[in-house]
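Because only heavy atoms are used, hydrogens play no part in the values below, and waters and symmetry mates are left out as well, while side chains stay in. One-based numbering, in listed order, for ligands and for the atoms of each. These figures come from a predicted structure and were not determined experimentally.
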Amino acid sequence: MWVMKVGGGCLRDVEAVRQLPMVLQAAYPEARRLLVVSAFGKTTNRLVALAESAARADLSAAHRVFGEIQAFHREMVEGLFPFPTAEALWKRLEEKYWQGLWQRVQALAHLGEADGAATDAILVYGELLSSEIVAAYLSGQGFPLEWIDARRLLVTDGAYPEPEVLLGPSQANVDAQLVPLFRTHRLVITQGYIASDLRRRSVTLGREGSDYSAALFAQLLNAQGMIAWKDVGRLYSADPRTYPDAQPLPELSYAQAAEMTYYGAQVLHPRTLKPLRDARIPLYILSYFEPEAEGSLIAEKWVDPLPPIRATRKGLLLIEVESVDLSPLSLGELLQGLEAEGIEVYFAQGGRRTAALAVQGPQDSLERWRTTLPAGWEVQLRQPVTLSTVLYPSENFPLPNGEALYLQRLPDRIHWLTYEI
Ligand code: ASP
Ligand code: MG
């Protein structure tokens, strides 16, 4: 069993979707495979805009965005299928999805305010539509397959915007509903990013969450491996668009890859690696547009040496704390308090009198955290900052120049913070 994931950046237009049969031929065509797809191109961004207009009760703006989303999908369908087939498929999509999507837009407009569950009820349509169109296309290209709604499989606690997946109930669903499909078919298609809560309401797993879905399915199916087909089909020591001398990384351990993504490398959703590590499932990152090209493997083996790896994480909030009454600061206490509020800390540096932290978390949690601090500790919130990280720096790795607000040099890494302009 293999789990394969194809993202929206790969499925961005008709030409790109036409590449899919070749990609499927290139990897384990005889094996049983679960194909996990994301929404086409930038559809999720548009659905977010649609939900925002609805939450403002601006139905005319919502109608315009809805029209754009429909036109984009219509173009896909007309480009992929001959006329009568395209019409029949469009009619089916109309009944099964477009009507329901517009109803949910109206429901949110009626509510007239931002609401997590009502927004997610809209966002899930991107993956439902893309997977349905891809399934129809691949069937027409001679791939017998089954399609299944991922919301029937992955169950979460419904927390917004990043719910916890409940492995017990999800496993039961996978065993009862997904595994039997493989008795008659070698290929099954489902959606990334979407799931349900215990009350069977739609939820999403956080932006760019399809990698994470695929990893969960790999774990639940006890797959031999997972393949993430990507636009940029391998890992690099830095973003090659910014650093032309970035070096390809043929192999990394789970922990090494997790660290890279944690500090901001955009290659994978950060939650992807845990399910794979837990089940010891190797992850291959391969090029969607050049499926035979060499990619990257993430598995158990610690790789040493590695070239210096650069990652940047933007949009963090800088918190500076100062003890004004000379009571000693405790970095541990600060960190514990932030953790208790569910605030993620990416950088922490401190002494007896001052500390600096770069964090990400909801405003109200931060406000709550502030109220728990001793009166003599003064807090300044400054934003936004970028955290730059170099993992495995060479001894003479050049340190950043004067613009760094804070700099931390550890044996195996360098971190620094800069203001964003
Ligand atoms: N379509 C979703 C998003 O754009 C999930 C994904 O692409 O992985 O966030
Ligand atoms: Mg996407």
Short N-O contact, Glu113 and Arg56, less than 4.0 angstrom: no
Polar proximity ligand 1 side, Lys5 side, N/O cut 3.5 Å exclusive: no
Sub-3.5 Å N/O-N/O distance, Glu208 and ligand 1: yes
Any Gly209 heavy atom less than 4.0 Å to ligand 1: yes
Residue portion contacting ligand 1 (non-hydrogen atoms closer than 4.0 Å) for Ser210: both
Contacting atoms of ligand 1, where contact means under 4.0 angstrom from a heavy atom of Ser38: 6 (C), 7 (O), 8 (O)
Within-cut-off N or O pair, Glu127 and ligand 1, under 3.5 Å: yes
Closest protein heavy atom (residue, atom, distance) for atom 9 (O) of ligand 1: Arg207 NE, 2.5 Å
Heavy-atom side-chain contact between Trp229 and Leu24 under 4.5 Å: no
Between OG1 on residue Thr386 and NZ on residue Lys314, distance to nearest 0.5 Å: 6.0 Å
Residue that, paired with Glu127, satisfies side-chain contact (heavy atoms from CB on, under 4.5 Å) out of Thr204, Val36, Thr44: Thr44
Heavy-atom gap Lys42 to ligand 1 smaller than 4.0 Å: no
Check: His415 ring centroid to Tyr263 ring centroid under 6.0 Å: yes
Salt bridge present between Arg74 and Glu87 (N-O < 4.0 angstrom): yes
